[in-house]
Amino acid sequence: MNEKYFPKEIEEKWQRRWAEEKTFEVKEDPSRKKFYALEMLAYTSGRAHIGHVSNFSIGDALSWYKRMRGFNVLHPFGWDAFGQPAETAAIKEGTDPEKFTRDAIAYMKWQFQRMGISYDWSREVATCDPEYYKWNQWFFIQMLKRGMIYRKNSPVNWCPKENISLSNEQASQGRCWRCNTPTIQKDLIQWFARITDYADQLVDDLKQLEGKWPERVVTQQRNWIGRSLGAKVTFRIADSDDSVTVFTTRIDTIYGANAIVLAPEHPLLAKVLEGRPEREEVLAFAENLKAEQRSAALDEQEKKGIFTGGYAINPFNGERMPIWVANFVLIQYGTGAVMAVPSGDQRDFEFSRKYGLPFHQIKLTADGREIQPEELEAADESWTTTVNSGQWSGLPSKEANRLMTEYAEAQGFGEASITYKLRDWGISRQRYWGTPIPVIHCERDGIVPVPEEQLPVVLPPNANLKVEGGSPLDHIPEFVNVDCPQCGGPARRDTDTMDTFVDSTWYYFRYCDPRNDAQPFDPEKVGYWMPVEQYIGGIEHAVLHLIYTRFWTKMMRDLGLVKFDEPVLSLLTQGMIIKETFECPEHEWLFPEQVTDEKTCKICGRPVIVGRVEKMSKSKKNAVDPIEIIDIYGADALRLFVLFAGPPEKDKEWSDSGIEGTSRYLQRVWRIAVKWQPRLAGDGAGSGVEQGGLRDYQRRLRRRTHQIIRAITENFEERLHINTCISSLMELTNEIYSFDQAVEKNGGASEADIFVAREALEALTRMLAPVAPHTAEELWESFGHKQSLATARWPEFEEGLTREEEIEVALQINGKLRSRIFARPDASEDDLKRAALSDEKVKAASDGREPAKVIVVPKKLVNVVFK
RNA sequence: GGGGAUGUGGCGAAAUCGGUAUACGCGAAGGUCUCAAAAACCUUUGGGAUAACCUCCCGUGUGGGUUCGACUCCCACCAUCCCCACCA
């Protein structure tokens, strides 16, 4: 054993050993309890970053812990390898996406392996492997056959910078989720998956996740699906056979409606305008609205509308209401038409005020007044009583809502209705580097799925990525031109590829059976390993990946492949590792050493802009390369740092002195272990020691050892606040040092000393394994163990040994700490009370009075209250 | 506009069920060892009053409340961050 701690040597040794001995490879074993620990697959960007270290370190700590607790732990890894950035990089570097991606995988794998994560690499999956994406195609065909995938011409979100269509999830806020470019709308024939068929289940099953998934992810998903209960009401168009249907959550406000407002795209618009003099003007106006809606941020826009000249009839009271078209009504939501109720809705109010539409009083405030227009900013829940609403006047809003819906249904002009914000998932992309859509278009037979035995449809190599117009695949005749599988006639392949989020919906099912070439996975194997006990990843997938994968699981359940509703039992969204950036107005990005303590630029003296960003980059001069850190301090010190800096779900700021601190800690552990190791190696040393015969400092170390085992164990079981586990390990290390000093004072180690030290050092080593596995393995071996720590058991604590011999009880007078009582831990309440009352401070404070109250919290405190 | 968080020393943070606030680490100061430095080890380190290690006062964003007792529960406010957003 080396005197000094050389992480590089140790880490290389154990990484080799683990690989050779296949330490982390696992098989299904129904006799053992399983645990599936999963980190989100890595996008093949080309380079590992510190966020990967953070993500993997958390999952690895849990994997080690569970393994040592006797679980059969599946901890796999893979690559999210398709996608647009590989194409961009390939064009830039003059290579092809396949080569770029394979190189990225090779390099990143080397980087990740240097972190020494306990992955079962034999299950590695890359989504760009035909053996993998074959099953994307297989799923596509199953869904197509069941009508769960369909094609329609639709305006898609289009990122003009990357030339790619985006799903709604990927284009929220009207910006590309990757490059933040404002998206535009484009009409294309697209493939859609009917995720909306599962909207109710996706909402309802969130209940199963509450408490186990972060609340904000559950809330975000609920809001994203946006289920809202209301009613559809159909209004007849005056002097015509046509009608218009609106969706409202507040049918009880219908007597206050003063207009019907259509979205600019609404199909009824053309009909209403037919033969009217204002036709041209209104259509032009509507076109203009559309263009504006698509370009500007919606919240900045003023309400804008125009009267069409048509009227609709309110079915409740027969009133004629003007039909308008306006920019604040969205074609995608509800029916694309609303009834405007200025006394019930802020937008309708603004609209009505601007265009002078009448204001009908239909609600009273909680204290019985009529509401005034200027009160509309306030919450409308308080305007409880319905008035001026025919037979429903006098009813509370909620009841009116229910009864009026029933009435509308009975009269045949309305019905209860549910709408969702969630829309079907557009899964096709006009790009090259993705899973080809396994469909053939035949002039005679229409859309024909590629026969399953012909899968995979392999992505052809050597595409020209720079072609203008359509997908690069369009320009490869040998790919496009095929015979129709049904009639044998000439036909064309579909040249779209799948959204990469399809790849990642089910990859972790594949890990359970990664080399299966007959089906996506063996349901029995998935039945053993799934669901995932702990999933760890970034918050950015709250409504992307995490909603798609829940949908896919339910879909697979309906295909009979899996037997559960939810794939992930517990989710942890880890925080980012951020680093400060400094930006000088004059000198742009500065290195930290170019900035004074007062945050001014050392070159020009101007105040600098301090930022905190996750994405580290060379250009912003805040890059931290994990491999550079590993070269200097070792993977264990790096892992320890990212885990110790704060709780897993919190953002953590990178700190150079922090990494030095954890490195120093490992050296400290190393030194004490080196010192004691020769004494521990002797067989049976220290056996037969009786607890009763131990001296104070020996009993203390045993007690602290067992207390700390308990603390760390409970933490892993309940909270996974690994940062405090590491604190506890440091405390135990400090205790061992104090113990060592006592031993020094005695002039040498006795049998009993060795017994106690062995217990403490071995417990420390075993509990170090989840957070610093290489170091722990090396120490474990040096203590004379032949088997890897991966096969060792987690230390057990003995309740009896954790008990304090004497405890300090706080003594409060009127709730303020005034003194302490030293007592035995089993002291009764009466004992503590007696001790408190005889305390000098209490006597002084009593001033001869009897205490009004004495509160005793056993083992904690006594509070003596004087009035 | 709606929703969700967060706020504790010089800094990262801890306090798990309402019970001794600041564990653990970083930084800083002093000391030991050394010709010297580094490393290591030891001591101190929330603020204030005081000659004082005694003792007292203040202290978990602000202001109230509940309680014998509040970082923790309730109400209001301030600040910061995140998500969603003309969703009818």
Side-chain angles (χ1 to χ4, degrees), chain A residues 4 172-174 214-220 222-224 226-228 230 246-250 253 261 263 293 297-303 326-330 332-341 344-348 350-351 377 419-422 539-540 542-543 612 640-641 644-647 649-662 664-665 667-668 671 711 714-715 718-719 721 723-731 733-734 737 741 808-820 851-867:
Chain A
K4 281 193 75 180
S172 77
Q173 293 176 293
E215 195 187 327
R216 64 189 193 125
V217 175
V218 172
T219 310
Q220 266 186 59
R222 188 171 285 126
N223 292 343
W224 188 262
R227 178 162 68 186
S228 78
V246 304
F247 174 74
T248 176
T249 55
R250 295 296 302 273
T253 65
V261 188
Q293 261 185 352
L298 293 171
D299 54 342
E300 315 263 298
Q301 281 186 32
E302 207 189 327
K303 305 285 172 289
N327 61 347
F328 67 97
V329 181
L330 306 174
Q332 314 92 316
Y333 185 75
T335 60
V338 303
M339 59 181 202
V341 184
D345 183 288
Q346 184 64 29
R347 291 158 303 177
D348 297 346
E350 284 173 28
F351 181 70
E377 303 271 2
T419 48
Y420 304 87
K421 292 185 203 171
L422 185 73
I539 186 75
E540 66 272 19
V543 289
R612 296 160 81 86
L640 214 46
F641 168 76
F644 183 56
E649 60 279 3
K650 234 183 131 161
D651 285 351
K652 289 160 277 254
E653 188 160 331
W654 176 261
S655 135
D656 290 329
S657 57
I659 178 79
E660 275 165 27
T662 53
R664 205 145 58 204
Y665 169 68
Q667 294 173 45
R668 198 167 140 82
R671 277 197 308 275
E714 285 176 358
N715 198 318
E718 284 156 29
R719 302 199 307 160
H721 276 196
N723 54 327
T724 60
C725 291
I726 296 170
S727 298
S728 300
L729 290 173
M730 288 171 169
E731 282 181 80
T733 309
N734 292 345
Y737 267 87
Q741 281 187 346
E808 211 181 282
V809 174
L811 177 54
Q812 296 184 335
I813 297 172
N814 292 340
K816 293 200 170 181
L817 181 69
R818 281 297 174 269
S819 183
R820 290 162 208 287
K853 213 181 218 181
V854 179
I855 286 136
V856 181
V857 183
K859 296 183 186 179
K860 295 270 180 178
L861 63 71
V862 181
N863 187 8
V864 184
V865 183
F866 293 104
K867 278 275 156 65

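Labels below follow one simple rule: chain letters A, B, ... track the order of the sequence lines, proteins then strands, and each chain is numbered from 1. Everything numeric here is computed off the predicted structure, so don't read it as measured data. Hydrogens, waters and symmetry mates are skipped; everything else that's a heavy atom, side chains included, is used.
- The gap from the C1' atom of B/rC74 to that of B/rU80 amounts to 23 Å, rounded to the nearest Å.
- The P atoms of B/rC75 and B/rC41 are separated by 49 Å, rounded to the nearest whole Å.
- Taking 4.0 angstrom as the limit, A/N734 places a side-chain polar atom (N or O) nearer than this to OP1 or OP2 of B/rG25.
- Using a 4.0 Å cut-off, no side-chain N or O of A/R671 falls inside it from OP1 or OP2 of B/rA39.
- Between the CD atom of A/E660 and the P atom of B/rG25 there is a distance of 16 Å, rounded to whole Å.
- Counting any heavy atom pair closer than 4.0 Å across all strands shown, A/Q812 reaches a base atom.
- Contact between the side-chain N/O atoms of A/R227 and the OP1/OP2 oxygens of B/rC87 is not found at any separation under 4.0 Å.
- Look at the C1' atom in both B/rA85 and B/rG48: the space between them is 50 Å, to the nearest Å.
- What separates CD1 of A/I813 from P of B/rU20 is a distance of 17 Å, to the nearest Å.
- At B/rC26, one or more side-chain N or O atoms of A/R664 fall inside 4.0 Å of OP1 or OP2 (strictly under the cut-off).
- A close approach under 4.0 Å does not occur between any side-chain nitrogen or oxygen of A/K652 and OP1 or OP2 of B/rC26.
- Within 4.0 Å (heavy atoms only), A/V338 reaches at least one base atom of the nucleic acid.
- In this structure, A/N863 atom CG and B/rU67 atom P are separated by 15 Å, rounded to whole Å.
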